Chemist: 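Just dropping this structure here.
None of the values given here were measured: they were computed from a predicted structure.
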Amino acid sequence: MQLSVIHIGETDSTNCYCRQLAGQGATDDVAVWADHQTAGRGCGTNSWESEAGQNLLFSVLIHPKEVRAADQFILSMANAVALRDTLVDYVDDVTIKWPNDIYWRDRKLCGTLIETTLQGQYVKDCIIGTGINVNQERFVSDAPNPVSLRQILGHGVECQEVLRRVLRHIEKYMEMVADGAWETIRTHYRNHLYRLEETHGYRFPDGSVERCKLTGVTDDGHLLLLSEERGACRLAFKEVQFII
């Protein structure tokens, strides 16, 4: 897999840019990197705070081969381990917070928004938009726990170098997806889960808070918790909230 790179100064969102490319029938695998996004998004209705020129904001448009819609969480896993492998070159204590955030200790270093287009039972296009907090020193939004590499390290980091490293890792893991090395990816993802085998508080949709042990993630992306009251729980995204 070889990603071509498009660099733009400002756009509403690199995911939107990639969506336009896909809509125009683009068949190449491409990474779109922007200095600033005016309408960057997180999951759901969340926005992504980023000071212009200080962080790494990019999206990857890929066209997976033979990945069924039911198996598409493997793409999220592959991307998450690629991001983690990149960031451990800079700092320790980096984990994957389900489903695809990257955490340093109890703080969010990186977030990802994934959008897929299906054709029949298979994934046709996959757009993976990522924001890595690199050099921002002060966060002013109501995001609860952001942190940047600069805040951790005490010095700035070159965004373009982080991009080069992360794209190499993404190419590697997406090639593994294409080659069928899914169990290797899944094992790597699960071994580096945030709070794996630890007991903490979680909030459920009815508003109740319970202490549960995080025991893993299923192949299709459900979180596995063990609660004293509820027993074994298998939860989809938005069905449970980490209390940090």
Side-chain angles (χ1 to χ4, degrees), residues 1-22 26 28-42 48-64 75-92 94-97 100-104 107-115 125-137 139 146-177 185 188 192:
M1 179 187 190
Q2 183 71 44
L3 288 163
S4 58
V5 180
I6 298 172
H7 179 217
I8 49 182
E10 182 175 286
T11 185
D12 52 357
S13 132
T14 53
N15 267 33
C16 290
Y17 193 102
C18 285
R19 201 179 306 121
Q20 291 171 358
L21 291 177
D28 293 338
D29 296 321
V30 60
V32 178
W33 162 43
D35 295 326
H36 183 53
Q37 292 185 146
T38 58
R41 291 194 299 127
W48 180 264
E49 178 189 359
S50 181
E51 186 178 338
Q54 296 303 303
N55 300 317
L56 181 56
L57 311 169
F58 70 99
S59 295
V60 172
L61 169 63
I62 61 173
H63 313 280
L75 300 170
S76 180
M77 285 181 163
N79 186 73
V81 296
L83 291 168
R84 183 193 173 274
D85 281 6
T86 302
L87 292 168
V88 294
D89 288 342
Y90 296 93
V91 293
D92 295 327
V94 179
T95 55
I96 300 166
K97 178 179 172 286
N100 52 29
D101 286 341
I102 305 300
Y103 265 45
W104 174 76
R107 302 181 70 183
K108 185 173 179 176
L109 185 56
C110 173
T112 295
L113 175 65
I114 300 178
E115 303 174 69
D125 304 314
C126 181
I127 299 170
I128 305 170
T130 298
I132 303 176
N133 296 326
V134 180
N135 289 316
Q136 191 155 333
E137 295 187 77
F139 294 88
V147 70
S148 69
L149 288 175
R150 186 185 189 102
Q151 289 176 321
I152 300 168
L153 296 170
H155 60 78
V157 177
E158 174 56 53
C159 286
Q160 194 166 352
E161 175 57 28
V162 180
L163 179 68
R164 282 195 291 265
R165 293 187 186 204
V166 74
L167 293 184
R168 286 198 299 267
H169 284 297
I170 289 173
E171 289 171 345
K172 168 189 168 183
Y173 282 105
M174 291 305 171
E175 285 175 359
M176 290 173 66
V177 171
I185 295 169
H188 192 19
H192 297 291

Chemist: For Asn15 versus Gly129, what's the shortest heavy-atom pair and its separation?
Modeler: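 For Asn15 versus Gly129, the nearest heavy atoms are OD1-CA, 2.9 Å.
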Chemist: If I take atom CD from residue Gln20 and atom CD1 from residue Ile127, how far apart are they, to the nearest 0.5 angstrom?
Modeler: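 One finds 10.0 Å between CD of Gln20 and CD1 of Ile127.
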Chemist: So which heavy atom on Ile132 is nearest to which on Asn55, and how close?
Modeler: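 Closest approach of Ile132 to Asn55: O-CB, 3.3 Å.
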Chemist: For Phe58, give me all partners under ring pair (Phe, Tyr, Trp, His ring centres under 6.0 Å), at least two apart in sequence or on another chain.
Modeler: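 In terms of ring pair (Phe, Tyr, Trp, His ring centres under 6.0 Å), with neighbours along the sequence ignored, Phe58 is linked to no residue.
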Chemist: Specify the closest pair of heavy atoms between Cys110 and Leu83, including all atoms of both residues, with the distance to one decimal.
Modeler: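 What the structure gives for the nearest pair is SG-CD1, 3.8 Å.
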Chemist: Measure across Val5 and Leu167 and return the closest heavy-atom pair with its distance rounded to 0.1 Å.
Modeler: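 It is CG2-CD1, 3.7 Å.
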Chemist: If we ignore angles and hydrogens, is there a donor and acceptor under 3.5 Å between the side chains of Thr14 and Gln37?
Modeler: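 The answer is yes; a qualifying pair exists.
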Chemist: What are the two closest heavy atoms between Cys126 and Leu75, and how far apart are they?
Modeler: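 That closest heavy-atom pairing would be SG-CD1, 3.9 Å.
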Chemist: List the residues meeting ring pair (Phe, Tyr, Trp, His ring centres under 6.0 Å) with His169, not counting sequence neighbours, and say none if there are none.
Modeler: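 Expected list: none.
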Chemist: Is any side-chain heavy atom of Ile170 closer than 4.5 Å to a side-chain heavy atom of Asn79?
Modeler: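 Yes. Closest side-chain heavy atoms under 4.5 Å.
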Chemist: Minimum heavy-atom separation for Val94 to Arg84, with atom names?
Modeler: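 That would be O-NE, 2.9 Å.
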Chemist: Between Glu161 and Arg164, does any NZ, NE, NH1 or NH2 come within less than 4.0 Å of an OD or OE carboxylate oxygen?
Modeler: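 Salt bridge between Arg164 and Glu161, a charged N being under 4.0 Å from a carboxylate O: yes.
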Chemist: Can you tell me how far apart OH (Tyr103) and CG (Leu87) are? Round to the nearest 0.5 Å.
Modeler: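 Answer for the OH-CG pair, Tyr103 versus Leu87, is 14.0 Å.
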Chemist: Given Ser76, which partner from the list Ile96, Val81, Ile114 fulfils the side chain to side chain contact (heavy atoms under 4.5 Å, CB included) test?
Modeler: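 The option that passes is Ile114.
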